[in-house]
Asker: 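Can you read through this structure? Questions will come right after.
Computed from a predicted structure; not experimentally measured. Chain naming here is simple, since letters A, B, ... match the order of the sequence lines and numbering starts at 1 in each.
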Amino acid sequence: MTKSATSYDDAIKAALSGEYAAIYAYGVIGAYLSGSARSLALQTETAHRNLRDQMLDTVADPPAPAAEYAMAAPVTSVATALAAAAGVENKCTALWRAAVAAAGAEQRQSALTEMINAALRAAAFRRLGGAMPGTVAFPGQ
Amino acid sequence: MVFTCAVPRFDQVTRRHVLGAAGLTAAAAAAAPALAGCSSPPPPKTVDQTVAQDATIGPLYTETTALITAYDQAITDNPALAAALGQLREEHRQHAIALAGLMGAVNPSISPGATTAGPSMVASGAPPAPPSPNPSASAIAGSLSTAEKTAQGNAATACLAATGDRVAVLASIAACRSTHVAALAALR
């Protein structure tokens, strides 16, 4: 099956919009965390910012960030912050998975790398929340 | 795919035969010409058949079942790890089912639970074997991690070369195996 350029463009723009949302979310999440969890959240936020900047340099006609964002569920504690972080990474995994599926041969490796990075972070936040091993069979599905 | 015609389920065929004995209904009569084109649908392939035929997914399937066996052995060697390793094993089992599906094979029969060896039976009169110490969690995690890394690379390579519906499934399998390596590192 041949994927059209349009569907890959749509998928990569959706992934960029997901990066915007993730950056917003870590501004909320980080405030509730300390120690190694806070370090991971800060490191993750930086990764999302770097990816956003790189995409703004390379994606043609990139979408603008939304005027406002809302968390999927209230973040009021360490537990809800870790759950929110896992949820954000799960969503990014799904968006990048769609980009992998739509990508041609030249773009697929980079999309797969971002998908895997998000899946790794989702599992890491689940483990910090007490789930062991914190993995799922089909990340992003 | 060659399955361009609906393959009647066994129970539907039986029902149609019953209807035929009592006189065909209008609906059954209308369906009959369509079914005539598929009078001899190929039987579902077994996993063993498809593994040999599919040069891309076949080796991944074989590697996945080998990982399941490795997890079974690890859980037998160190039952204290059963909870964490059992979930990783289960995820590989789900991958095996998905890979079989991609090859058009019927579901493989892989035990959903880890199969652990029972206590070894010692023939009466033989000297009892000295107990061998269980491999440490660290040693087991290290060994499994090596296998997972290789398998992850193979799934990623297959994903990059795949087409159609296979791409997303292989991407998820590759990503899952990456998370397994990280989870095993957390066990060490």
Side-chain angles (χ1 to χ4, degrees), chain A residues 1-4 7-8 11-12 14-15 36-37 40 43-44 82 86 89-141, chain B residues 1 64 67-68 71 80-99 101-102 112 137 141 144-145 148-149 152-153 155-188:
Chain A
M1 195 163 75
T2 304
K3 299 286 182 182
S4 71
S7 68
Y8 175 71
I12 211 72
S36 60
L40 180 61
Q43 185 185 328
T44 302
L82 291 172
E89 296 306 323
N90 201 41
K91 178 71 175 171
C92 288
T93 306
L95 290 167
W96 280 108
R97 183 180 190 260
V100 171
E106 312 86 55
Q107 308 107 338
R108 196 178 295 168
Q109 173 71 74
S110 61
L112 179 60
T113 298
E114 298 307 336
M115 177 193 166
I116 290 172
N117 286 341
L120 284 167
R121 295 189 294 248
F125 280 114
R126 284 189 213 106
R127 280 193 293 275
L128 282 171
M132 186 67 203
T135 54
V136 296
F138 296 97
Q141 181 172 293
Chain B
M1 294 292 288
T64 302
L67 279 167
I68 291 169
Y71 274 93
L81 299 174
L85 297 187
Q87 181 174 331
L88 303 183
R89 179 208 188 271
E90 168 58 19
E91 289 166 8
H92 285 299
R93 190 181 72 90
Q94 292 182 35
H95 294 169
I97 292 169
L99 291 168
L102 289 180
L144 290 173
S145 180
E148 290 273 11
K149 284 176 185 169
Q152 193 281 337
T157 299
C159 172
L160 296 179
T163 57
D165 294 342
R166 293 181 166 201
V167 176
V169 175
L170 293 173
S172 279
I173 291 175
C176 178
R177 288 173 176 176
S178 290
T179 64
H180 282 191
V181 173
L184 289 166
L187 278 179
R188 299 179 81 170

Asker: For R108(A), is it the side chain, the backbone, both, or neither that has a heavy atom closer than 4.5 Å to a heavy atom of chain B?
Answerer: both
Asker: Mind listing the closest non-hydrogen atom pair of Q94(B) and F138(A) along with its distance?
Answerer: O-CZ, 3.6 Å
Asker: Could you report the tightest heavy-atom contact between A84(B) and M132(A), atom names first, then the distance?
Answerer: CB-CG, 4.5 Å
Asker: Would you mind checking which part of A156(B) comes under 4.5 Å of any heavy atom in chain A, side chain (CB onward), backbone (N, CA, C, O), both or neither?
Answerer: both
Asker: If every non-hydrogen atom of T135(A) is compared with every non-hydrogen atom of H180(B), which pair is closest and at what distance?
Answerer: CG2-CD2, 3.9 Å
Asker: Which answer fits A105(A), side chain, backbone, both or neither, if we ask what part of it has an atom under 4.5 Å from a heavy atom of chain B?
Answerer: neither
Asker: Specify the closest pair of heavy atoms between P133(A) and L88(B), including all atoms of both residues, with the distance to one decimal.
Answerer: CG-CD2, 3.6 Å
Asker: Heavy atoms only, distances under 4.5 angstrom: which of T179(B), L184(B), L170(B) has the most pairs with chain A? Name it, please.
Answerer: T179(B)
Asker: Go through T93(A), N117(A), V136(A), L112(A) and name the one with the most non-hydrogen pairs under 4.5 angstrom from chain B.
Answerer: V136(A)
Asker: What are the two closest heavy atoms between L120(A) and S178(B), and how far apart are they?
Answerer: CD2-O, 3.4 Å
Asker: Of all the heavy-atom pairs spanning C159(B) and V100(A), show the shortest one and how long it is.
Answerer: SG-CG1, 4.0 Å
Asker: So for E90(B), is it side chain, backbone, both, or neither that comes closer than 4.5 Å to the heavy atoms of chain A?
Answerer: neither
